[in-house]
There are 2 protein chains.
Amino acid sequence: MGFMGNKKVQKLPSIRRMPTYLHKLTQMRKNGLDTVSTTIMARYMNLEPIVVRKDLELTGVTGQPGVGYKIKDLIDAIKSFLNWHNTAEAVLIGAGSLGRALLGYEGFEDYGLNIIAAFDADPSKIGSEIHDREVFDIIRLPELASRLQVNMGILCVPNEYAQGSADMMIEGGINAIWNFTNVSLDVPEHVVVQREVIASGLAVLSVKLNQRIMEE
Amino acid sequence: MGFMGNKKVQKLPSIRRMPTYLHKLTQMRKNGLDTVSTTIMARYMNLEPIVVRKDLELTGVTGQPGVGYKIKDLIDAIKSFLNWHNTAEAVLIGAGSLGRALLGYEGFEDYGLNIIAAFDADPSKIGSEIHDREVFDIIRLPELASRLQVNMGILCVPNEYAQGSADMMIEGGINAIWNFTNVSLDVPEHVVVQREVIASGLAVLSVKLNQRIMEE
DNA sequence: AAAATATAGATAAAAAAATATCGATACTCT
DNA sequence: AGAGTATCGATATTTTTTTATCTATATTTT
Ligand SMILES: NC(=O)c1ccc[n+]([C@@H]2O[C@H](COP(=O)([O-])OP(=O)(O)OC[C@H]3O[C@@H](n4cnc5c(N)ncnc54)[C@H](O)[C@@H]3O)[C@@H](O)[C@H]2O)c1
Ligand SMILES: NC(=O)c1ccc[n+]([C@@H]2O[C@H](COP(=O)([O-])OP(=O)(O)OC[C@H]3O[C@@H](n4cnc5c(N)ncnc54)[C@H](O)[C@@H]3O)[C@@H](O)[C@H]2O)c1
């Protein structure tokens with residue numbers, strides 16, 4: 001029964017690896033390569049080849065026994081699997097230090113994400129431009145989000161304003177929230193949320209380190 | 001047989017949830033609460049209570065049937081499970097936009113992480129202070145890391161310098177690398193690496209959104 | 001041409017994670 | 001005091017994920 005926040009997504013670990021495959025494959029294509037084997041991909045990512053094969057199977061692409069996969073096919077298949085063939089437009093809320101970093105991240109281009117505007121509450125930021133994107137007054141979020149037909153919002157405000165900002169996004173018709181705050185948002189059924197908990201990685205690293213030390 | 005990068009860590013999903021438990025519990029304690037049930041934690045995190053119970057079991061803490069857990073016990077147990085009772089010191093390499101954000105993140109205090117210095121190659125940054133931490137010349141990394149006895153490094157340099165910087169860290173005795181670049185690092189057996197792929201979250205969000213749309 | 005090697009795909013097995021069930025304990029409300 | 005409800009812990013079950021094995025196909029080497 002439970003409290004049914006977001007519906008469950010399967011193959012999470014595989015999905016999370018897709019961007020790295022995409023990145024490496026894009027690089028390889030730039031270097032003039034045409035085909036690639038799971039062995040090579042696996043070595044690059046410190047995985048077992050069988051893992052890579054299973055992941056790629058998910059995208060529906062098929063390789064050639066004895067040879068490998070066509071890099072171009074893979075890139076297309078992964079993008080289509082992730083729905084990244086059409087660029088998604090997003091707005092960013094909270095142009096603070098994290099928000100600023102995300103606005104300046106060129107990596108997003110490869111991932112079909114285009115941040116078209118930022119919103120903030122700080123008068124000294126409103127009206128300015130950060131990495132070529134205008135910073136609007138947060139009050140205008142519902143109006144502009146709705147007018148621009150954006151459906152993704154990137155949330156980088158201080159924790160105490162997270163829920164309020166999320167509500168405004170939803171009011172403006174946004175239905176996908178990429179949440180970098182420490183708050184578990186309360187949203188209606190039709191809105192999907194992905195929360196990024198940076199400390200999770202630190203937790204994993206700590207445990208790995210401790211384990212390494214223990215066994216020596 | 002494979003290429004044995006880092007040894008496998010078990011209960012990854014549980015470990016990743018720990019920091020969020022910790023954060024919420026710390027908040028609750030500040031609000032004067034003494035006990036908590038898995039039902040409450042689960043509702044906060046959009047999980048099933050049974051998931052929370054299993055996660056907490058991992059820390060060795062035991063609750064009281066009919067009542068719940070002592071918040072203080074839980075906090076201690078989680079910190080000890082993650083090895084976060086003793087603050088870990090770390091250096092940050094690459095004081096660019098992401099590095100700057102991480103240097104300014106107060107959340108790390110709660111997670112037992114203390115970034116004691118930054119390193120960069122840009123002469124205009126070297127010698128300056130960012131959020132009270134001095135920025136040193138990258139050339140001094142091996143020497144200083146070794147002298148300061150740091151064993152964690154946070155890597156935020158541009159991709160093309162990632163491997164080189166990692167090598168310098170290792171030369172300075174660092175054996176845990178938190179890697180925010182897009183590069184899969186090549187490191188000796190005794191070094192553990194945790195790579196943070198920000199686009200992974202975006203991939204998950206995209207798939208969630210697509211799934212939600214499909215089923216309507 | 002034959003042998004050795006590398007590869008994907010299909011299927012099977014093993015391991016891990018998530019979920020369910022149930023009994024015992026404590027609290028709440030009448 | 002008793003009924004109803006919430007809770008944890010132990011155990012069992014189900015589902016999902018990871019890993020292995022085996023076969024057919026292509027490439028490379030001899
Ligand atoms: N800095 C990091 O490295 C980091 C890492 C992980 C998570 N986070 C999380 O990201 C969030 C932001 O962190 P930060 O370090 O960038 O903080 P910050 O203080 O640098 O930036 C917050 C920004 O939000 C703006 N803001 C405040 N109230 C607002 C409102 N009501 N509407 C719109 N904008 C508003 C502020 O003016 C500021 O520009 C926090 O929840 C933090 O926990 C930060
Ligand atoms: N900006 C983001 O939001 C973001 C998100 C995810 C990942 N990343 C990754 O983080 C890394 C850094 O990104 P960024 O946006 O902060 O870039 P940036 O260009 O803002 O910062 C890079 C910093 O590294 C310094 N540097 C360059 N060469 C160096 C060297 N050899 N030794 C030490 N320092 C050196 C530069 O002077 C600069 O200060 C990249 O790999 C990027 O892909 C960034």
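Every chain is numbered from 1 and lettered A, B, ... according to where its sequence line falls, protein lines coming before strand lines.
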Picking from dT25(C), dG9(C), dT19(D), the nucleotide nearest the side-chain atoms of Lys8(B) would be dT19(D)

Picking from dA20(C), dA8(C), dA17(C), the nucleotide nearest the side-chain atoms of Ile50(B) would be dA20(C)

query = Hey, is the side chain of Thr62(A) poking within less than 4.0 Å of OP1 or OP2 on dG9(C), counting only N and O atoms?
reply = yes

Leu58(A) atom CG is separated from dT18(D) atom P, nearest whole Å, by 11 Å

Got Phe81(A) and Ile15(A) here, is their nearest side-chain heavy-atom distance under 4.5 Å?
yes

On DNA chain D, more 5' by nearest nucleotide between Arg53(A) and Gln10(A) is Gln10(A)

Ile71(B) atom CD1 is separated from dT7(D) atom P, nearest whole Å, by 13 Å

Picking from dT27(D), dT7(C), dC8(D), the nucleotide nearest the side-chain atoms of Val67(A) would be dT27(D)

Rounded to whole Å, the CZ-C1' distance (Arg16(B) to dA17(C)) equals 15 Å

Closest of dG9(D), dC8(D), dA8(C) to the Thr38(B) side chain is dC8(D)

Q. Looking across every strand, which nucleic acid part, if any, lies under 4.0 Å from Lys54(A) by heavy atom: base, sugar-phosphate, or nothing?
A. base

Rounded to whole Å, the CG-P distance (Leu47(B) to dA17(C)) equals 15 Å

As its Watson-Crick or G-U partner within any shown strand, both distances under 3.5 Å, dA10(D) has dT21(C)

Here the distance between atom P of dA20(C) and atom CD of Glu57(B), to the nearest Å, is 17 Å

Quiz item: Do the side-chain N or O atoms of Ser37(A) get closer than 4.0 angstrom to the phosphate oxygens (OP1, OP2) of dT7(C)?
Solution: yes

Hey, is the main chain of Glu171(A) close enough, under 3.5 Å, to the side chain of Asp167(A) for a donor-acceptor pair? no

For Arg17(B) and dA18(C), is the shortest distance between a side-chain N/O and OP1 or OP2 below 4.0 Å?
yes

Parallel, tilted or perpendicular: ring planes of Trp178(A) versus Phe180(A), cut at 30 and 60 degrees
tilted

Worksheet item: At under 4.0 Å, does any side-chain N or O of Tyr69(A) touch on OP1 or OP2 of dG9(C)?
Response: yes

Requested in this report: Go through the steps to decide whether Thr38(A) and Glu48(A) satisfy the test side chain to side chain contact (heavy atoms under 4.5 Å, CB included), and finish with yes or no.
Outcome: CA-CA 9 Å; Thr38(A) 53; Glu48(A) 301 296 321; over 6 Å; no

request  = Report the C-alpha distance between Tyr105(A) and Phe108(A) in whole Å, list the side-chain angles of each, state the deciding distance to 0.1 Å, and finish with yes or no for ring pair (Phe, Tyr, Trp, His ring centres under 6.0 Å).
outcome  = CA-CA 6 Å; Tyr105(A) 186 44; Phe108(A) 289 142; 4.8 Å; yes

Problem - Whether over 12 other heavy atoms sit under 6.0 Å from Gln149(B) CD - result: no

- Under 4.0 angstrom, heavy atoms only, what part of the nucleic acid is Leu12(B) near: base, sugar-phosphate, or nothing? sugar-phosphate

Against the side chain of Thr39(A), the closest entry in dT7(C), dC8(D), dT19(C) is dT7(C)

From CG of Asp73(B) across to P of dG9(D) the rounded distance in Å is 11 Å

note: Glu48(B), atom CD; dT16(D), atom P; distance rounded to Å ~ 14 Å

Here the distance between atom C1' of dA10(D) and atom CD of Gln64(B), to the nearest Å, is 15 Å

